[in-house]
Amino acid sequence: MKVLVTGGAGYIGSHAVLELLNIGHDVVVIDNLCNSSLESLKRVELLAKKTIAFYQVDICDGDKISDVLAKHPDISATMHFAALKAVGESTQIPLKYYQNNVHGTVTLLEALQKAKIANFVFSSSATVYGEDAPAPYIETLKTGVPSSAYGKSKLMIEQVLSDLVKSDSSFKVVCLRYFNPIGAHESGRIGEDPNGIPNNLMPFVAQVAVGKRDKLFIFGNDYPTNDGTCERDYLHVVDLAHGHVKALEWLDKQSGGICEAFNLGTGNPLSVLEMVNKFSQVTGVNIPYEYAPKREGDLAAFWANADKAKIELNWTANKSLEDMMRDTWYWQLNNPDGYTNKK
Ligand code: NAD
Ligand code: WQD
């Protein structure tokens, strides 16, 4: 199968591209490199010993997407990772997020519809359950109101996709609602490479461990959880990439006109303190930390009910917390400055 991967140079996309190549699929990547580097794909090519067709194209540019699709008439499915994803930034510049994520996705879908490429896997997020949903989140819950423009952009796209399949029954769509992806490929060659100060927990911890930052600030210690710090459902990025392949296989067996959501998580909530302690235990590196005020918009605890993905996609998160910590550290240790020759 030949798969179009948007945002394939990014953190999760690059792991998915490697997974696809490793099981014998061909891949065409489009990415505007606004938050990534071609270096990730060069390394994926070396790991897979295969080549990737890459186009520096913006998903808001429908004509250029159509040009790429015309060059590869045998593409039969899309994995759509391309998006802006910084939650805090999205509150400051919401229009940019709606333009890039929502308008970009609509533009991409128009080009795919013209080219009759019907199978579509979308990178959604647990954030679509909103602020008031009871954990564990299960797909039968109604979606809620996400607190950020980023989260709302993901919910809007799910709604766009739902309307699309109702109007065009050739389309088959899976929305994968990720919980908290962390870790890196075990080779230490590809991983998460945040710009500037990391927003997310584990990239920050890894930068403290490697000496790039003095200490971790833990946002809040009086949440109604066992140890007072927030609890999340962390899953290994390679398990997540594998979930995408399972979703593609599932789509292949479905008839048209469906839009189905699946949670991808482990089902195990872990607190910030438990994560920090586990990282130190696995790597032998102490992480100095200090408690800081709560971060606006953070929820006390949420995790997945991942039964639907297990039953229908035949997917479960197989990697352990040790794997997540070891691979996070191995990537950071080997690439203290990420993909140094960016762009
Ligand atoms: P990332 O920033 O590493 O990857 C996104 C990629 O999309 C980047 O390579 C970027 O250059 C590209 N991109 C952005 N806008 C584009 C555009 N207009 N045209 C073409 N390319 C564009 O992020 P990631 O962590 O790999 O996330 C991938 C997807 O998963 C995103 O849709 C994100 O919202 C979603 N997601 C991520 C997380 C997470 O914690 N990382 C959780 C839930 C959902
Ligand atoms: C995890 C925990 C923080 C950094 C975000 C998005 C979500 C999804 C995944 C895309 C929280 C705490 C963090 C730090 C800390 N992305 N923390 N100090 O917020 O659960 O989810 O990424 O869809 O939409 O919101 O993940 O890694 O930012 O935070 O104490 O320096 O770590 O308060 O409790 P989050 P995170």
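Atom set for the values below is all heavy atoms of this structure, side chains included, hydrogens, waters and symmetry mates excluded. Counting convention: from 1, in listed order, for ligands and their atoms alike.
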Val272 N/O to ligand 2 N/O under 3.5 Å: no
Nearest-contact summary for atom 14 (C) of ligand 2 - protein heavy atom, Å: Phe219 CE1, 3.3 Å
Tyr150, portion touching ligand 2 at heavy-atom distance under 4.0 Å: side chain
From CA spacing to verdict: side-chain hydrogen bond (donor to acceptor under 3.5 Å, both in side chains), Glu158, Ser124: CA-CA 8 Å; Glu158 285 205 7; Ser124 190; 2.6 Å; yes
Proximity winner for atom 8 (C) of ligand 2, if only heavy atoms of Ser148, Ser125, Ser271, Ser147 are counted: Ser125
Per-atom contacts, ligand 2 versus Asn180 - under 4.0 Å to a heavy atom: 20 (O), 21 (O), 26 (O), 35 (P)
Atoms of ligand 2 close to Val87 [distance to a heavy atom under 4.0 angstrom, numbered from 1]: 6 (C), 25 (O)
Nearest-contact summary for atom 33 (O) of ligand 2 - protein heavy atom, Å: Asp298 OD2, 2.5 Å
Which of the ligand 2 atoms, numbered from 1, are nearer than 4.0 Å to a heavy atom of Cys230: 34 (O)
Test of proximity, Phe302 against ligand 2: N or O pairs below 3.5 Å: no
Distance filter under 4.0 Å to Ile218 heavy atoms, resulting ligand 2 atoms: 30 (O)
His244/Tyr178 aromatic ring centres below 6.0 Å: yes
Gap separating the CG atom of Leu270 from the CE atom of Met324, nearest 0.5 angstrom: 7.5 Å
Residue pairs fulfilling ring pair (Phe, Tyr, Trp, His ring centres under 6.0 Å) with at least one residue in residues 39-58, sequence neighbours excluded: Tyr55-His72
Sorted by chain and number, the residues that approach ligand 1 to under 4.0 Å with a heavy atom: Gly7, Ala9, Gly10, Tyr11, Ile12, Asp31, Asn32, Leu33, Cys34, Asn35, Ser36, Val57, Asp58, Ile59, Phe81, Ala82, Ala83, Lys85, Asn100, Ser123, Ser124, Ser125, Tyr150, Lys154, Tyr178, Pro181
Test of ring centre spacing under 6.0 Å for Trp315 and Phe262: no
Per-atom contacts, ligand 2 versus Arg232 - under 4.0 Å to a heavy atom: 20 (O), 34 (O), 35 (P)
Distance under 6.0 Å and angle within 45° of ring axis: Lys294 vs Tyr223: yes
Nitrogen or oxygen of Thr127 less than 3.5 angstrom from that of ligand 2: no
Subset of ligand 2 atoms that lie under 4.0 Å from at least one heavy atom of Phe217: 14 (C), 15 (C), 18 (N), 30 (O), 31 (O)
Arg295 to ligand 2, any heavy atom closer than 4.0 Å: yes
NZ/NE/NH1/NH2 to OD/OE distance under 4.0 Å, Glu290 and Lys215: yes
Working for side-chain contact (heavy atoms from CB on, under 4.5 Å), residues Glu192 and Asn200: CA-CA 10 Å; Glu192 186 166 12; Asn200 298 113; 4.1 Å; yes
Test salt bridge (charged side-chain N to carboxylate O under 4.0 Å, His left out) applied to Lys278 and Glu322, step by step: CA-CA 8 Å; Lys278 190 72 182 179; Glu322 281 83 353; 2.8 Å; yes
Thr6 vs Asp31 side-chain heavy atoms within contact, under 4.5 Å: no
Contact atoms of ligand 2, heavy-atom distance to Tyr234 under 4.0 Å: 1 (C), 2 (C)
Nearest-neighbour protein heavy atom for atom 36 (P) of ligand 2, which is reported as residue plus atom name and distance: Asn200 ND2, 3.5 Å
Interatomic spacing from OH in Tyr339 to NZ in Lys42 - rounded to 0.5 Å: 12.0 Å
By side-chain contact (heavy atoms from CB on, under 4.5 Å) - contacts of Asp132 (at least two apart): none
Verdict with supporting geometry, Gln113 and Asp168, side-chain hydrogen bond (donor to acceptor under 3.5 Å, both in side chains): CA-CA 9 Å; Gln113 189 172 39; Asp168 180 346; 2.9 Å; yes
OG1-CD1 distance between Thr316 and Ile311, expressed to the nearest 0.5 angstrom: 11.5 Å
Contact atoms of ligand 2, heavy-atom distance to Asn199 under 4.0 Å: 4 (C), 28 (O)
Tyr289 contact mode with ligand 2 (heavy-atom cut-off under 4.0 Å): neither
Within the 6.0 Å centroid threshold, strictly below: Tyr98 and His103: no
Can you give each donor-acceptor pair under 3.5 Å made by side-chain atoms of residues 296-304, sequence neighbours left out, with the distance rounded to 0.1 Å?
| from | atom 1 | to | atom 2 | distance (Å) |
| --- | --- | --- | --- | --- |
| Asp298 | OD1 | Arg295 | NE | 3.3 |
| Asp298 | OD1 | Arg295 | NH2 | 3.2 |
| Asp298 | OD2 | Arg295 | NE | 3.2 |

Which residue and heavy atom of the protein sit nearest atom 27 (O) of ligand 2, plus the separation: Leu201 N, 2.8 Å
Leu216 N/O to ligand 2 N/O under 3.5 Å: no
